[in-house]
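This report refers to the structure that appears directly beneath it.
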Amino acid sequence: MAFGLIIIGDEILSGKRSDKHFPKVVELLNARGLQLSWAEYVGDDRARITDVLRRSIASDDIVFSCGGIGATPDDHTRQCAAAAFGVPLALHPEAKRLIEERIADVARAEGREPEYDTPDNMHRLKMGEFPQGCDIIPNPYNKIPGFRVVHGAGAHHFVPGFPVMAWPMIEWVLDTHYAHLFRQVPRAEKAVLVYGQPESRLTPMMEEIEAEFPLVKVFSLPTVADAGTRAHIELGVKGDPEQVDKAFGKLLEGLDGFGAEYVRQ
(Lines give C-alpha, C1' and ligand atoms only; values in the text may rest on other atoms or scores of the structure.)
Protein backbone atom coordinates (compact mmCIF):
# COMPACT_ATOMS: atom_id res chain seq x y z
CA MET A 1 0.00 0.00 0.00
CA ALA A 2 1.22 3.51 -0.79
CA PHE A 3 1.74 6.10 1.93
CA GLY A 4 1.21 9.80 1.25
CA LEU A 5 1.73 13.02 3.19
CA ILE A 6 -0.12 16.33 2.97
CA ILE A 7 1.35 19.35 4.78
CA ILE A 8 -1.02 22.29 5.19
CA GLY A 9 -0.25 25.88 6.11
CA ASP A 10 0.55 29.30 4.67
CA GLU A 11 3.41 29.56 7.15
CA ILE A 12 5.28 26.78 5.35
CA LEU A 13 4.75 28.20 1.86
CA SER A 14 5.69 31.74 2.96
CA GLY A 15 8.87 30.55 4.66
CA LYS A 16 7.84 31.78 8.13
CA ARG A 17 8.34 28.22 9.35
CA SER A 18 10.41 25.39 7.94
CA ASP A 19 8.66 22.09 7.38
CA LYS A 20 9.85 19.38 9.76
CA HIS A 21 7.14 16.84 9.04
CA PHE A 22 8.48 15.47 5.76
CA PRO A 23 11.84 14.16 7.09
CA LYS A 24 10.22 12.89 10.29
CA VAL A 25 7.46 10.96 8.51
CA VAL A 26 10.07 9.43 6.19
CA GLU A 27 12.04 8.40 9.29
CA LEU A 28 8.99 6.91 11.05
CA LEU A 29 8.02 4.91 7.97
CA ASN A 30 11.53 3.70 7.17
CA ALA A 31 11.99 2.51 10.75
CA ARG A 32 9.04 0.17 10.13
CA GLY A 33 10.13 -1.05 6.72
CA LEU A 34 7.70 1.28 4.93
CA GLN A 35 8.22 4.04 2.38
CA LEU A 36 6.64 7.38 1.59
CA SER A 37 5.33 7.37 -1.99
CA TRP A 38 4.37 11.05 -2.33
CA ALA A 39 4.03 14.34 -0.49
CA GLU A 40 2.14 17.54 -1.23
CA TYR A 41 2.16 21.04 0.27
CA VAL A 42 -0.89 23.31 0.25
CA GLY A 43 -1.68 26.68 1.81
CA ASP A 44 -4.65 27.71 3.94
CA ASP A 45 -7.10 27.86 1.06
CA ARG A 46 -10.31 25.85 1.38
CA ALA A 47 -10.79 25.17 -2.32
CA ARG A 48 -7.22 23.95 -2.78
CA ILE A 49 -7.22 21.81 0.36
CA THR A 50 -10.52 20.20 -0.63
CA ASP A 51 -9.21 19.51 -4.13
CA VAL A 52 -6.02 17.91 -2.79
CA LEU A 53 -8.07 15.72 -0.45
CA ARG A 54 -10.49 14.63 -3.17
CA ARG A 55 -7.60 13.56 -5.36
CA SER A 56 -5.84 11.68 -2.60
CA ILE A 57 -9.07 9.97 -1.48
CA ALA A 58 -9.47 8.62 -5.01
CA SER A 59 -6.05 6.95 -4.73
CA ASP A 60 -6.99 4.61 -1.86
CA ASP A 61 -3.60 5.43 -0.30
CA ILE A 62 -2.80 5.66 3.39
CA VAL A 63 -2.44 9.41 3.91
CA PHE A 64 -1.28 11.60 6.78
CA SER A 65 -2.36 15.25 6.81
CA CYS A 66 -0.56 17.67 9.14
CA GLY A 67 -2.00 21.05 10.08
CA GLY A 68 -5.16 23.12 10.05
CA ILE A 69 -7.39 21.08 12.38
CA GLY A 70 -7.79 23.81 15.01
CA ALA A 71 -10.69 26.24 15.35
CA THR A 72 -9.19 29.61 14.34
CA PRO A 73 -10.23 31.39 11.11
CA ASP A 74 -7.17 30.09 9.23
CA ASP A 75 -7.87 26.44 10.13
CA HIS A 76 -9.84 24.78 7.34
CA THR A 77 -8.81 21.13 7.30
CA ARG A 78 -11.77 19.71 9.23
CA GLN A 79 -14.27 21.50 7.00
CA CYS A 80 -12.38 20.55 3.83
CA ALA A 81 -12.19 16.90 4.88
CA ALA A 82 -15.94 16.82 5.44
CA ALA A 83 -16.53 18.38 2.02
CA ALA A 84 -14.12 16.00 0.31
CA PHE A 85 -15.80 12.96 1.88
CA GLY A 86 -19.28 14.36 1.27
CA VAL A 87 -20.42 14.20 4.91
CA PRO A 88 -21.34 16.87 7.49
CA LEU A 89 -19.23 17.95 10.42
CA ALA A 90 -20.43 16.64 13.77
CA LEU A 91 -19.14 16.91 17.32
CA HIS A 92 -17.51 13.54 18.01
CA PRO A 93 -18.63 12.34 21.49
CA GLU A 94 -15.21 10.98 22.45
CA ALA A 95 -13.54 14.14 21.21
CA LYS A 96 -15.99 16.19 23.31
CA ARG A 97 -15.11 14.15 26.39
CA LEU A 98 -11.37 14.56 25.82
CA ILE A 99 -11.61 18.30 25.17
CA GLU A 100 -13.63 18.74 28.34
CA GLU A 101 -10.98 16.76 30.21
CA ARG A 102 -8.39 19.19 28.87
CA ILE A 103 -10.54 22.16 29.95
CA ALA A 104 -10.78 20.67 33.45
CA ASP A 105 -7.04 19.95 33.61
CA VAL A 106 -6.18 23.55 32.72
CA ALA A 107 -8.72 25.01 35.17
CA ARG A 108 -7.56 22.89 38.09
CA ALA A 109 -3.92 23.65 37.33
CA GLU A 110 -4.89 27.31 37.74
CA GLY A 111 -6.65 26.60 41.05
CA ARG A 112 -10.25 26.97 39.88
CA GLU A 113 -13.18 24.78 38.97
CA PRO A 114 -13.84 24.26 35.26
CA GLU A 115 -16.71 26.12 33.61
CA TYR A 116 -17.60 24.25 30.44
CA ASP A 117 -20.22 26.66 29.11
CA THR A 118 -18.11 29.83 28.84
CA PRO A 119 -17.83 31.25 25.29
CA ASP A 120 -14.15 30.32 24.95
CA ASN A 121 -14.71 26.76 26.15
CA MET A 122 -17.72 26.31 23.91
CA HIS A 123 -15.50 27.46 21.04
CA ARG A 124 -12.86 24.90 22.02
CA LEU A 125 -15.40 22.15 21.40
CA LYS A 126 -15.32 23.06 17.73
CA MET A 127 -11.94 21.31 17.63
CA GLY A 128 -13.91 18.10 18.12
CA GLU A 129 -16.19 18.68 15.13
CA PHE A 130 -15.02 16.09 12.62
CA PRO A 131 -16.44 14.49 9.47
CA GLN A 132 -19.37 12.33 10.54
CA GLY A 133 -18.48 8.68 11.02
CA CYS A 134 -14.75 9.15 11.62
CA ASP A 135 -12.58 7.70 14.38
CA ILE A 136 -10.36 9.78 16.64
CA ILE A 137 -6.58 9.77 16.95
CA PRO A 138 -5.45 10.30 20.56
CA ASN A 139 -3.15 13.21 21.34
CA PRO A 140 -0.79 12.42 24.24
CA TYR A 141 0.39 16.03 24.51
CA ASN A 142 -2.80 17.89 25.39
CA LYS A 143 -5.66 15.39 24.76
CA ILE A 144 -7.14 17.39 21.83
CA PRO A 145 -7.58 14.55 19.32
CA GLY A 146 -7.10 14.24 15.60
CA PHE A 147 -9.31 12.09 13.41
CA ARG A 148 -9.17 9.23 10.95
CA VAL A 149 -11.45 8.44 8.00
CA VAL A 150 -11.31 5.00 6.37
CA HIS A 151 -12.36 4.85 2.70
CA GLY A 152 -12.19 1.70 0.61
CA ALA A 153 -8.72 0.20 0.89
CA GLY A 154 -7.22 3.48 2.11
CA ALA A 155 -7.52 5.92 4.98
CA HIS A 156 -6.76 9.55 5.78
CA HIS A 157 -5.33 10.59 9.14
CA PHE A 158 -5.53 14.21 10.27
CA VAL A 159 -3.20 15.53 12.97
CA PRO A 160 -2.16 19.01 14.18
CA GLY A 161 0.67 20.98 12.64
CA PHE A 162 2.68 21.03 15.90
CA PRO A 163 5.42 18.37 15.69
CA VAL A 164 5.26 17.69 19.43
CA MET A 165 1.67 16.50 18.90
CA ALA A 166 1.71 15.26 15.31
CA TRP A 167 4.65 12.88 15.48
CA PRO A 168 3.51 10.69 18.40
CA MET A 169 0.02 10.66 16.90
CA ILE A 170 1.38 9.40 13.58
CA GLU A 171 3.43 6.76 15.40
CA TRP A 172 0.29 5.64 17.23
CA VAL A 173 -1.59 5.32 13.94
CA LEU A 174 1.18 3.26 12.36
CA ASP A 175 1.63 0.94 15.33
CA THR A 176 -2.10 0.55 15.99
CA HIS A 177 -3.50 0.18 12.48
CA TYR A 178 -0.67 -0.82 10.16
CA ALA A 179 1.67 -3.11 12.09
CA HIS A 180 0.66 -5.92 9.72
CA LEU A 181 2.38 -4.02 6.90
CA PHE A 182 5.71 -3.57 8.68
CA ARG A 183 8.71 -5.07 6.84
CA GLN A 184 6.49 -7.09 4.52
CA VAL A 185 8.52 -6.18 1.43
CA PRO A 186 12.21 -7.08 1.76
CA ARG A 187 14.38 -4.31 0.38
CA ALA A 188 18.07 -3.80 -0.16
CA GLU A 189 20.22 -1.01 -1.55
CA LYS A 190 23.79 -0.91 -2.81
CA ALA A 191 25.65 2.05 -4.30
CA VAL A 192 29.01 3.43 -5.34
CA LEU A 193 30.42 6.93 -5.77
CA VAL A 194 31.49 7.35 -9.39
CA TYR A 195 34.03 10.01 -10.39
CA GLY A 196 34.77 11.50 -13.78
CA GLN A 197 31.80 10.02 -15.65
CA PRO A 198 28.85 11.96 -17.11
CA GLU A 199 25.35 10.65 -16.46
CA SER A 200 24.73 10.52 -20.21
CA ARG A 201 27.41 7.83 -20.52
CA LEU A 202 25.97 5.79 -17.65
CA THR A 203 22.31 6.02 -18.68
CA PRO A 204 22.25 3.16 -21.25
CA MET A 205 23.78 0.82 -18.67
CA MET A 206 21.19 1.91 -16.09
CA GLU A 207 18.36 1.23 -18.55
CA GLU A 208 19.74 -2.23 -19.36
CA ILE A 209 19.92 -3.14 -15.67
CA GLU A 210 16.32 -2.09 -15.02
CA ALA A 211 15.17 -4.04 -18.09
CA GLU A 212 16.96 -7.20 -16.94
CA PHE A 213 15.98 -6.91 -13.26
CA PRO A 214 12.34 -5.73 -13.06
CA LEU A 215 12.26 -5.74 -9.24
CA VAL A 216 15.12 -3.25 -9.06
CA LYS A 217 15.30 0.52 -9.50
CA VAL A 218 18.54 2.17 -10.53
CA PHE A 219 19.24 5.61 -9.07
CA SER A 220 21.72 8.33 -9.95
CA LEU A 221 22.37 11.27 -7.61
CA PRO A 222 24.93 13.76 -8.95
CA THR A 223 26.89 16.09 -6.67
CA VAL A 224 28.63 19.17 -8.06
CA ALA A 225 32.15 20.04 -7.03
CA ASP A 226 32.86 22.55 -4.29
CA ALA A 227 35.88 23.56 -2.25
CA GLY A 228 35.93 20.29 -0.35
CA THR A 229 34.20 17.80 -2.65
CA ARG A 230 35.02 16.34 -6.05
CA ALA A 231 32.15 16.14 -8.49
CA HIS A 232 30.69 12.64 -8.40
CA ILE A 233 27.57 10.55 -8.91
CA GLU A 234 26.08 8.27 -6.28
CA LEU A 235 25.04 5.39 -8.50
CA GLY A 236 23.16 2.42 -7.12
CA VAL A 237 20.38 -0.13 -7.19
CA LYS A 238 17.55 -0.78 -4.74
CA GLY A 239 14.64 -3.18 -4.41
CA ASP A 240 14.33 -6.96 -4.12
CA PRO A 241 17.43 -8.20 -2.21
CA GLU A 242 18.19 -11.13 -4.52
CA GLN A 243 17.91 -9.05 -7.66
CA VAL A 244 19.83 -6.16 -6.05
CA ASP A 245 22.87 -8.39 -5.56
CA LYS A 246 22.83 -9.49 -9.21
CA ALA A 247 22.06 -6.03 -10.55
CA PHE A 248 24.83 -4.48 -8.48
CA GLY A 249 27.29 -7.00 -9.88
CA LYS A 250 26.26 -6.01 -13.38
CA LEU A 251 26.59 -2.33 -12.50
CA LEU A 252 30.15 -2.88 -11.29
CA GLU A 253 30.98 -4.83 -14.46
CA GLY A 254 29.69 -1.94 -16.54
CA LEU A 255 31.74 0.62 -14.61
CA ASP A 256 34.84 -1.52 -14.93
CA GLY A 257 34.18 -1.72 -18.66
CA PHE A 258 34.24 2.08 -18.81
CA GLY A 259 37.45 2.16 -16.76
CA ALA A 260 35.52 4.33 -14.31
CA GLU A 261 36.89 5.41 -10.95
CA TYR A 262 34.48 4.53 -8.16
CA VAL A 263 34.33 3.93 -4.44
CA ARG A 264 31.85 1.53 -2.82
CA GLN A 265 29.45 2.97 -0.30
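By convention here, the first residue in the shown sequence is residue 1.
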message: Pair Arg97, Glu100 - check salt bridge (Lys or Arg N to Asp or Glu O under 4.0 Å), show working.
response: CA-CA 5 Å; Arg97 183 186 69 80; Glu100 288 180 340; over 6 Å; no
- prompt: Are Phe147 and His92 close enough that their ring centers fall under 6.0 Å?
  reply: no
message: Whether the Trp172 and His177 side chains hold a donor-acceptor pair (N or O, under 3.5 Å, no angle test) is what I'd like checked.
response: no
field: Heavy-atom side-chain contact between Ile6 and Thr77 under 4.5 Å
entry: no
message: Rounded to the nearest 0.5 Å, what separates atom CZ in Phe3 from atom OH in Tyr178?
response: 7.0 Å
Polar side-chain atom of Thr176 near backbone of Val173 as donor-acceptor pair, under 3.5 Å: no
task: Say whether, by atom type as modelled, one donor and one acceptor occur between the side chain of Arg78 and the main chain of Gly70 under 3.5 angstrom.
output: yes
query: Backbone N or O of Met165 within a donor-acceptor pair of the Asn139 side chain at under 3.5 Å?
result: no
query: Any donor-acceptor pair under 3.5 Å linking the side chain of Glu210 with the backbone of Val218?
result: yes
- request: Determine, for Asp10 against Lys16, whether the closest basic-nitrogen to carboxylate-oxygen distance falls under 4.0 angstrom.
  value: no
Presence of salt bridge, Glu189 and Lys217, under 4.0 angstrom: no
- prompt: In terms of the angle between their ring planes, are Phe85 and Phe158 parallel, tilted or perpendicular, with boundaries placed at 30° and 60°?
  reply: perpendicular
Over 12 non-hydrogen atoms of neighbours within 6.0 angstrom of CZ in Phe162: no
- prompt: Does any N or O in the side chain of Arg32 come within less than 3.5 Å of the main-chain N or O of Leu28, such that one atom is a donor and the other an acceptor?
  reply: yes
message: A quick test of your reading: do over 12 heavy atoms of other residues, nucleotides or ligands sit less than 6.0 Å from CZ of Phe258?
response: yes
- request: Answer yes or no: does atom CD of Glu199 have more than 12 heavy-atom neighbours from other residues, nucleotides or ligands under 6.0 Å?
  value: yes
Expected output: side-chain Asp61 to main-chain Val63 donor-acceptor under 3.5 Å: no
- prompt: Do Ser65 and His156 get their side chains close enough for a donor-acceptor pair, meaning under 3.5 Å?
  reply: no
query: Where do Lys250 and Glu253 land on the salt bridge (Lys or Arg N to Asp or Glu O under 4.0 Å) test, with the steps shown first?
result: CA-CA 5 Å; Lys250 184 157 186 173; Glu253 289 177 9; over 6 Å; no
query: Do you know which two heavy atoms are closest between Ile49 and Asp44, and how far apart they sit?
result: CD1-CA, 4.2 Å
